[in-house]
Amino acid sequence: MKWLFDIKYAYRMLLKNPGFTSLTVSVMAAGLGICVFMLAFIATVITRPLPFEQGEQMHVIELEYDGMHYNGGSIMHPDYLTIKEQSNSYSEIGAYYNATANLSNGDRAQRYSSVVTEANMFSFTKTSPLMGRDFTDHDAMSGAEPVTVIGYEIWQNYFNGDQSVVGQSVKINGVDTLIIGVMPEGYLFPVAAQLWQPLTEDATRVKRSEAAHMSIYVKKKPEVSIEQANQEVKDIMSKIAQQYPETNSKSSAYVTTFQKWVMGDGTDMIIGLMLTAVGFVLILACVNVGNLLFARANERAKETAIRVALGAPRTRLIMQMMWESVFICGLGGLFGLFLAAWSLELLQVILPQMLPMSVPFWWSMSLDSELILQSIMIILVTALVTGILPAWKMSSSDFNAVLRDGTRGSVGKKAGRINRFLVIVEVALSCILLSLSGVLFVVLQEVNSSNFGANIENKLTARIGLPQVNYQEDSKRIQYYQRLLTKLSTIPGVNSVGAISGLPGSGNGYLAFQPEGYEVTENQYPRTGQGVTYIGSMQAMEMKLLEGRYFDSRDRVDSLPVTVITESMATKYWPTGSALGKRFKYVESEDQPWLTVVGVVNHVIHGQPFSGVKHRTTAYLPFTQQTRRFMSIFIDTQGDSEQYNEALISAVASIDPEVPAYSISTLTERLRRSTGGMNFIRDLFAVFAACALLLASSGIYGVLANSTSRRTQEIGIRRAIGASDEKVLSMLMKQGWVQLIIGLVVGLPIGYLVSQGVVQMLAPETNNYYIVFVIIPVIISLVVTLATFVPAKRAIKMEPCSALRYE
Amino acid sequence: MTEQVLIKLNNVKKVFYTDEVETHALSDINLAINAGEYVSISGPSGCGKSTLLSVLGLLDIATHGEYELNGHQVINLKNADRARIRNKEVGFIFQSFNLISDLTVEENVALPLTYRDDYSNQQIKDAVKVALEKVDMNHRGNHFPSQLSGGQQQRVAVARAIAGNPSIILADEPTGNLDSKNAEAVMALLDSLHQDGATICMVTHDPRSAKRAERLIEILDGKITADNVINRGIHAA
């Protein structure tokens, strides 16, 4: 009960100093809020198991090609069957591939994300349909009646929650399909599926090169480690590569969690950087509050001395100080938790608009009981960290000197040293964070302003997927796109139209090829992107012709197979002389024709404009010679492209009502989304850095104000014996500058080294970011100078006689 | 009747070391104080009287010598033990009152008792009440020190010193910060406490205050130069 005495006192002291309390609570709220937010974000996207029974054992097996991890359905069906047969690491295994489903009930068509999966997917997740049934082995047999299980969203939105939806027949990609079940709300396994169809392909009856590419879902046996599972699948893939070198020479596979698989390579580094940044912010907050508490404890040296004289045990003295930090961190933590919860809710809303992909179903940004528990632990630790130093230091101070002569004895000197050290730490930490944030900003500015090699302005784009069953023949596909583009070009305000398999900024197939006369050893073929464009589309996209010609009416099905390549490909593979007339062929299958280069256009970026991908070469093929079912269409418009949405949808529907346009957006919006993830990270770092700067400046101000206040008498004496205001001001400013310089000397090199990771990952060739290491010291210097100047100016405003009497 | 020796110092020295300078604050102090005695220690500024009081109150450690308090050697105790003995055996009265400004009068008086394990909350309340009654301050229990006059603050400090029934009260210039009227009131309070059996050891350079004690010890340059019994029995009831 005697603890209550101390608790009551700590509470009273905090109430008595509302300025101090609100400052320290705000600082801790910011530090803890950011920390909890980040932990929740990481838990949601990376560490929290999938929300299914044995979710922690659910993993994915994916392709690793030439050391690079793929994350989008890349293992050949026959390879999957071999893995399934030979592996012992899993209690359950299945495979699927992503598809798109043009769903039509005769009235209207709508495009949905679907997966074509083995029949065990629902039992794998131990989830039963809300209505109807799931797949049976019979459904997955070749020639079985086409069936589908639809998701809750389709049931609600497309079928308006019709209770008799099960048993209805709809057209999916032009095929009559029976709806056999509806999955519960929120079920989107494996990532963001809206509709499921059984895999009926018999891999043993198709050629390896024509087999479907799959993603494999597995439930790892608990006793098997991820390393063991990885080794096993690599061994199996190694044997397959020996057997089929022409298709599998550099192919292997890897096992990973669904969460890491979706986030892709580099996740660990980014998460590591984020955690480091958050850790720095939290440390800054702790240093800040610890420093202020320390200064305050120093002010209360006499009170502590009295307590000591009255026989206070050391533990009570320490706890007396600790209670205040417990209150500050507890209250700050509470506000921080609210702040984090609100930010997570906000993030959940804005995330779908920021990312190029559908948000995975497990990305439910919220605080769960485990996170709240972790947060409480962090709050307790921060309370300990912020309170222990002042408490310990004060309880071991020279209380006798304080009691004897009323001064702070040796405490003042020691406290000053510790204060100065903590200010240096604050400057260094904020310098590191600002450097990282600044470099990220500069690099991503460069990435965002990348020249994609095309005019991306005023383009409205959409995806089109022709159903296999209705558009099997090349002629039908050519006819469809010919009619569609003609129709689109008649929309008033449309300047030009085009169709391309992958828009600038979007991925293309990245295929192995052999340039004629190019020596290839042991199937080590080079790779290049493969794009297919409709005649006139390159001109409409304003890709600049550097040599030769664009595709035109000469490029027919039966004419010489031709290609237009990017300048980057021309200079890489035919560095001397012109590439025109040179030939190459893709080697995925034996029947690939030799393609003759008839034109060279400027380099075009396909995929995210980051490091490796940015420089990938591309070869374009004419649609007439290489038809595709899936294409991106675009219209070049006068004025705001978004105003043409309805006109585009109507034009597409008028050609074939069963083929809807989907993923409709402007090209600039599409490109913004493609770098949305990195931009989000940049914004997060900007918040961290702003917090760091704010924390550091308030901390430095607090400490310097305190130390200046402690020197008030000294300042009075100096002025009384003739020191000018300028001399006193310069003396006080110097104390801040010394710490500033030491902090910068420590922080800048560390900031440079840490930011190198970001530069190497995103844009290793860039060197614009050096300016950051000039600007950051200037910003920090200004802040520290201001934080020093304000209390110094206040000190010299006091009349010398008042300063001499000051206590 | 044999008098009980409460404090016994043998050859006590105290040396301060600062920047290669040795200052001998106390040299070969031999002193015994009996239970119930009222001792005054006086001398000029810097003679070592406050240092002696600090050593007696276990606020400071003698550099050399022996110190027996209430029958126990206390010279080589750990900090925690010194704190415990100080809390139980010694009551301090300081020149500048040294009340904690953010605690009420009652809380200030209760403070040393909250550090003791042998006092329940009720016992603390009772002891505070008794102590404040003794100094006639129970009507100001909920006030803060800043709301009291200097004399009242010193009375509260006296109440704090006696609340735990210590073996000895150590007073360091208890009237140094008071006007003559308040000083007289505080000295009368000490007289009264002594009459009730309290052992008091007071440092003062005020001859009038010093003469109220039974025994006058004079110190010069860290050495006891005089030790005279002057008023033995004067305060006896």
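Both backbone and side-chain heavy atoms feed into the values below; hydrogens, waters and symmetry mates do not. So that the names make sense, note that chain A is the first sequence line, chain B the second, and so on, each numbered from 1.
Here the side chains of A/Lys302 and B/Ser96 are in contact, with some heavy-atom distance below 4.5 Å. Between B/Arg86 and A/Val308 there is a side-chain heavy-atom pair separated by less than 4.5 Å. Residues A/Tyr9 and B/Ile100 meet the side-chain proximity criterion, which asks for heavy atoms closer than 4.5 Å.
Heavy atoms of other residues, nucleotides or ligands lying less than 6.0 angstrom from CG of B/Asp118 number more than 12. Atom CG of B/Asp81 has more than 12 neighbouring heavy atoms from other residues, nucleotides or ligands inside a 6.0 Å radius. The number of heavy atoms from other shown groups lying within 6.0 Å of CG (B/Asn76) does not exceed 12. Under a cut-off of 6.0 angstrom, the local environment of NE2 in B/His205 is sparse, with at most 12 non-hydrogen atoms contributed by other residues, nucleotides or ligands. Dense packing is recorded around CZ of B/Phe144, with more than 12 heavy atoms of other residues, nucleotides or ligands lying under 6.0 Å away.
For residues 12-21 of chain A, a heavy-atom distance under 4.5 Å to chain B picks out A/Arg12, A/Met13, A/Lys16, given by residue number.
Using a 4.5 Å cut-off between heavy atoms, B/Glu107 touches chain A through backbone and side chain atoms alike. Contacts of B/Arg160 with chain A are made by side-chain atoms alone, with heavy-atom separations under 4.5 Å and no backbone atom involved.
In plain terms, the two heavy atoms of B/Ala83 and A/Ala312 that are nearest each other are CB-O, 4.0 Å. Scanning both residues, B/Thr114 and A/Arg316, for their nearest heavy atoms gives O-NH1, 2.6 Å. Contact detail for A/Leu310 and B/Pro112: the closest heavy-atom pair is O-CB, 4.0 Å.
In this structure a side-chain-to-backbone donor-acceptor pair under 3.5 Å is missing from B/Asn98 to A/Ile306.
The distance from the CD atom of A/Glu303 to the CG atom of B/Leu99 is 12.0 Å, given to the nearest 0.5 Å.
Put simply, of B/Asp172, B/Leu53, B/Leu103, the one with the most heavy-atom pairs under 4.5 Å next to chain A is B/Leu103.
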